[in-house]
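Worksheet for the structure shown next.
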Amino acid sequence: MAESAYSFAAIEAKWPSVWDELGVFTPHDDGSRPRRYVLDMFPYPSGDLHMGHAEAFAMGDVVARYWRLKGFDVLHPIGWDSFGLPAENAAIKRNAHPAEWTYANIETQAASFKRYALSLDWSRRLHTSDPAYYRWTQWLFLRFYERGLAYRKNHPVNWCPKDQTVLANEQVVNGVCDRCGTPVTKKALNQWYFKITDYADRLLDDMTELEGHWPERVLAMQRNWIGRSEGAHVDFAIEATDAQGGQSERKVTVFTTRPDTLYGATFFVVAADADLAAELVTPERAGALAEYQDRVKALSEIERQNTDREKTGVFLGRYAINPLSGERLPVWAADYVLADYGTGAIMAVPAHDQRDLDFARAFGLPVRPVLDTGEEDPTASGIATAGEGTIINSGPLDGLSKTDGIAKAIEIVESAGTGSGTVNYRLRDWLLSRQRFWGAPIPIIHCDVDGEVPVPDDQLPVQLPDDLRGEQLAPKGTSPLAAAEHWVNVTCPKCGGAAKRDTDTMDTFVDSSWYYLRYLSPDYAEGPFDTEAAKSWMPVAQYVGGVEHAILHLLYSRFFTKVMKDMGLIDFDEPFASLMNQGQVLNGGKAMSKSLGNGVDLGEQLDLFGVDAVRLTMVFASPPEDDVDWADVSPSGSAKFLARAWRLGQDVLSEPGTDPAGGDRALRAVTHRTLAEASELVEAHKFNVVIAKVMELVNATRKAIDNGPGGSDPAVREAVEAVAIILSLVAPYTAEDLWGTLGHEPSVANAAWPAHDPSLLVEETVTAVVQVQGKVRDRLDVAPDIAEDALRELALASPNVKRILDGRDIRTVIVRAPKLVNIVPA
RNA sequence: GCCCCAGUAGCCCAAUCGGCAGAGGCAGCGGACUUAAAAUCCGCCAAGUCAGGGUUCGAGUCCCUGCUGGGGCACCA
């Protein structure tokens, strides 16, 4: 055979049509083999694919291809998360419809994915902006609505002045809009929410199931976000004013994690922006409160969140009664108390809470320590003592520890009927309505007679109007849909009278909270998905995506899954059994960005080095979860290695099907060890090490060909076939071509992962290390099954050992056959 | 402030249960081939594991303290 040079361009041109014809990556879905669902987080179609996609999808493909070779029926679908703001902004600028930009980008990305040779099943492709998809997003919304899990409330919400829309808490990062970086303001609006707080406990508890299968940091972030804290609700009676006369029946409940410090409460604070403040204020102080509230409203979220700020507040002229001590506590309003955490009111214990202490010092309020922690008196130091200690000045609680004090205080308030032990969460309900166009319309009709009326199922989908263009889509603080009168004005499904559609659209995270189920039956028309298909494929065996979704998408999807289980649609609690977060692709130590000018164009890299070399570089650079710095890696080195591996094929002189049994034993041992280790390594997600092992095998094979038994040895064929199969996980073009050179029919993706022969892994001799006091003093070649006693004798007989011991007595000898002996002299 | 993760050759990274610090690559150096170069093949070089303490016969690995870097949460009562 004439030697020819490795050309990635030639190989890339050769195989795609062959793969398409064979339909290699469509699952059989017939129960003939165990199923496994491998899923990459679907992309948003913002232009072409970038380096980040290249990394993430390379990782997912390793897993999908591996399980396929291992004999599983692998489902590895692709689709697009195609609703969202960028499309809308582009449409406004170009006087176009968002669909044009969106679907053009999808085609660009689809072509790039195909070039990238991912093992995807293209027959299940979906787009969340297709009416056939969002029909079921709306259907699910209505089911949530029926269950009381979708509701509207008037509430202060996060507002992005630039994007002109509300944002979920999860989308506000350090006080700015996570999309455009504009400081977020508060606005009181009537908005739709999902009652995710009802599921806080299950979202938390079911994480035990994910332990060990999801990255620990993601679990930690979700726990953090849900923010469960145990404490007590305690009722404080509000004293009537003289003007009202008599006894007020008004009570205000506070949440505290420290009921043990109840006797240390010296004042009472309600959130300045809560209705409660206005309710409690006396007429004489109402003016002062109003003035203070104006000042608070003027603050941006960033200013408000600054914890170094001076404490501010205003006395409401009112007193609350401590249910334990009977003490009168002045009631203040302040902005350091949050309206939507706990009950929006706190008992202030300045001695043992730094914020309360700062406030007390700012306004000259008393400080009373009730816990002796051995630290300096906070009254003098200005530093609250929040730790453990012994309770003092607290009547029945005196002498107890913090923990016992908490239990005792709860017992007391419970028996007095003035409180109870309780659990509080940081998690807020999910604000899902958006005042934007390019999303799934909320399927509700507002009727003057019947109020909120769900759109009947048989009228779904509520389709977006397709005649709005450019400026008509511009955000105006209300949804652009409101201006589409022909669309808005409908008849009420209940009474037939004139009514209006809800003009908000859903957060795109609603779309992506259930897409993994739609892939299972993408054309199903009787519901969002075929429940039988869900039974056979779910949960997702391996989910792959960026850690930026650690809270948002993953928490929402978990929530949806639990609701769908309660609806009886599915029978599992968690959608993603295992999660892999690939790292970012950096350049020069920094994330790629336009402003830094350090962007690397994926298309250019593919042109320069070839698809396989870029994929190999991504996978080989580091463990999947670590960042890849493109400045630190060598795609040209990857290309060189691929050529080296590929050239092996030309030196294989035996026929396909040759029995390897008589082949060179040393090379066979390397091949079989590599196969065994590669399996373990893939399953442990150490893909970079898998590559290192293939490189070793390639080196050993090269040596066998050039300086060993030569290319006609059957062990060489066996080795090169293993190279092709393992390499197919990351370098599908090169592997396929090599497989062809070896005389096999396509596709290598359908080749079975060769079972390794354990007898070939048994070494004839192993090196045992002999240590004296932990230092290596000799090495012995011994049988792998050597007995402990025999090894001990051998070690003690070693001349080196004898010389080092120099006649000293031996205290103990530790033997770990067959690898190590450690002799400890007396 | 609280929580999570990571620190191993110049660089990217390996190292089952605690058991010889080195698998692989990049860069560098040298050799073979060549008139020469490229390509290819072969070989060489390098740290004692961020610092300090502890447990142990034995620590990169376990424990404690600190440092550095990355990430998350944060007036969350």
Side-chain angles (χ1 to χ4, degrees), chain A residues 3 5-6 173-174 215-225 227 229 231 254-258 261 269 271 304-309 311 334-338 340-349 352-356 358-359 386 424-428 547-548 550-551 583-584 589 616-617 620-623 625-629 631-638 640-641 643-644 647 677 680-681 684 686 688-699 702-703 706-707 767-779 810-814 816 819-825:
Chain A
E3 292 273 320
Y6 173 79
V173 178
N174 295 325
E216 189 45 50
R217 65 169 167 164
V218 173
L219 296 176
M221 281 161 75
Q222 293 219 355
R223 277 193 202 99
N224 219 334
W225 190 262
S229 52
V254 301
F255 174 73
T256 176
T257 54
R258 295 295 303 277
T261 62
V269 191
R304 195 198 58 76
Q305 288 180 4
N306 177 11
T307 52
D308 299 335
R309 239 170 80 224
K311 290 281 178 289
D335 65 357
Y336 82 93
V337 172
L338 306 176
D340 52 359
Y341 182 77
T343 62
I346 63 156
M347 62 172 200
V349 185
H352 308 296
D353 182 290
Q354 192 60 47
R355 296 154 300 179
D356 295 344
D358 293 342
F359 191 87
N424 196 57
Y425 300 91
R426 209 193 66 98
L427 184 69
R428 312 287 201 275
V547 72
E548 67 273 16
I551 296 170
Q584 277 187 285
L616 180 72
T617 303
F620 184 47
S622 58
E625 62 276 12
D626 285 10
D627 291 345
V628 175
D629 193 331
D632 289 341
V633 296
S634 171
S636 63
S638 299
K640 251 200 250 183
F641 164 73
R644 182 172 158 84
R647 275 195 307 271
E677 288 176 343
E680 281 175 29
L681 290 164
K686 295 179 179 179
N688 54 327
V689 190
V690 174
I691 305 303
K693 297 294 175 193
V694 188
M695 287 175 171
E696 251 181 295
L697 178 55
V698 167
N699 291 343
R702 181 83 261 159
K703 199 169 275 180
D706 291 348
N707 305 304
T767 304
V769 174
V770 183
Q771 301 176 334
V772 177
Q773 241 169 344
K775 284 191 180 135
V776 180
R777 297 302 186 181
D778 204 358
R779 287 161 216 273
I810 292 166
R811 176 141 64 101
T812 178
V813 180
I814 283 122
R816 294 284 177 273
K819 293 181 79 176
L820 177 131
V821 178
N822 189 14
I823 300 162
V824 187

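Just so it is clear: chains get the letters A, B, ... in the order the sequence lines come, proteins before strands, and each one is counted from 1.
The partner of C41(B) is G31(B), judged by Watson-Crick or G-U wobble contacts that both fall below 3.5 Å. Within the shown strands, A6(B) is the pairing partner of U68(B) under the Watson-Crick or G-U definition, both distances less than 3.5 Å. Using the Watson-Crick or G-U wobble rule with both distances under 3.5 Å, U56(B) pairs with nothing in any strand shown. The pairing partner recorded for C73(B) is G1(B), the criterion being a Watson-Crick or G-U wobble arrangement whose two distances lie under 3.5 angstrom. Using the Watson-Crick or G-U wobble rule with both distances under 3.5 Å, A15(B) pairs with nothing in any strand shown.
Put simply, the side chain of R777(A) does not reach to within 4.5 Å of the side chain of Q771(A), judged on heavy atoms. Using a 4.5 Å heavy-atom cutoff, the side chains of N424(A) and Y341(A) are in contact. The shortest side-chain heavy-atom distance between Y6(A) and R647(A) does not fall under the 4.5 Å cut-off. Between L616(A) and I691(A), some side-chain heavy-atom pair lies under the 4.5 Å cut-off.
In the set C73(B), C13(B), G58(B), C73(B) carries the atom at the smallest distance from any side-chain atom of I551(A). For D353(A), taking side-chain heavy atoms from C-beta onward, the closest of the listed nucleotides G24(B), G19(B), A77(B) is A77(B). If you check A23(B), G24(B), C75(B) against the side chain of F620(A), the one that comes closest is G24(B). Closest approach to the I346(A) side chain among A77(B), C11(B), C75(B) is made by A77(B) (side chain taken as heavy atoms from C-beta onward). Side-chain proximity of V689(A) to C12(B), A14(B), G19(B): nearest is A14(B). Side chain of D632(A), nearest nucleotide from G25(B), C12(B), C4(B): C12(B). In this structure, the nucleotide among C75(B), C57(B), C13(B) sitting nearest to the side chain of R816(A) is C57(B).
For the pair E677(A) CD and A14(B) C1', the interatomic distance rounds to 11 Å; values are reported in whole Å. Between the P atom of G58(B) and the CD1 atom of I810(A) lies a distance of 16 Å, rounded to the nearest Å. In this structure, CE of M221(A) is placed 12 Å from C1' of G70(B), rounded to the nearest angstrom. The CG atom of L616(A) sits 19 Å away from the P atom of C12(B) (whole-angstrom rounding). Between the C1' atom of G72(B) and the CG atom of L219(A) lies a distance of 13 Å, rounded to the nearest Å. Nucleotide A59(B) holds its C1' atom 14 Å from the CG atom of L820(A), rounded to whole Å. The interatomic distance linking R258(A) (CZ) with A77(B) (C1') rounds to 11 Å, in whole Å.
Remark: the backbone N or O of V824(A) is not paired with any side-chain donor or acceptor of R811(A) at under 3.5 angstrom. With hydrogens and angles disregarded, a donor-acceptor distance shorter than 3.5 Å links the side chain of Q222(A) to the backbone of A550(A). A distance-only check finds no donor-acceptor pair linking the side chain of D778(A) to the backbone of V770(A) [under 3.5 Å]. Remark: the backbone N or O of D353(A) is not paired with any side-chain donor or acceptor of R355(A) at under 3.5 angstrom.
Nucleic acid contact for R777(A): none, since no nucleic acid atom lies under 4.0 Å from a heavy atom of the residue. Residue-level contact check: S634(A) touches the backbone only, with heavy atoms under 4.0 Å from sugar-phosphate atoms and none from bases. Within the nucleic acid shown, R355(A) comes within 4.0 Å of at least one base atom, counting heavy atoms only. In this structure, N224(A) reaches the bases: a heavy-atom distance under 4.0 Å links it to at least one base atom across the strands shown. Contacts of V628(A) with the nucleic acid, taken as non-hydrogen atoms under 4.0 Å apart, are absent. Among the heavy atoms of the strands lying under 4.0 Å from P623(A) are primed sugar atoms or P, OP1, OP2 only; no base atom is included. Among the heavy atoms of the strands, none lies under 4.0 Å from E625(A).
Between the base of G58(B) and the side chain of Q773(A) there is no donor-acceptor pair shorter than 3.5 Å.
Contact check on D335(A) versus R309(A) returns a salt bridge, with a Lys/Arg side-chain nitrogen under 4.0 Å from an Asp/Glu carboxylate oxygen. Between R223(A) and E216(A) there is a salt bridge, since at least one side-chain N of the basic residue sits less than 4.0 Å from a carboxylate O of the acidic one.
Rounded to the nearest Å, the gap between the P atom of C3(B) and that of C63(B) is 16 Å. On the P atoms, C50(B) is 10 Å away from G60(B), given to the nearest whole Å. Comparing the same atom, P, in A51(B) and in C42(B) gives a spacing of 37 Å after rounding to whole Å. Comparing C12(B) with G30(B), their P atoms are spaced 25 Å from each other, to the whole Å.
The side chain of R426(A) contributes no N or O atom lying less than 4.0 Å from OP1 or OP2 of C73(B). Between A77(B) and S229(A), a contact under 4.0 Å exists linking OP1 or OP2 to a side-chain N or O.
Base orientation for G48(B): syn, the chi torsion being within 90° of 0. In this structure C63(B) sits in the anti conformation; its chi angle is more than 90° from 0.
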For nucleotides 36-43 of chain B, 5' to 3', base contacts (B), sugar-phosphate-only contacts (S) and non-contacts (-) with protein non-hydrogen atoms under 4.0 Å give ----SSSS

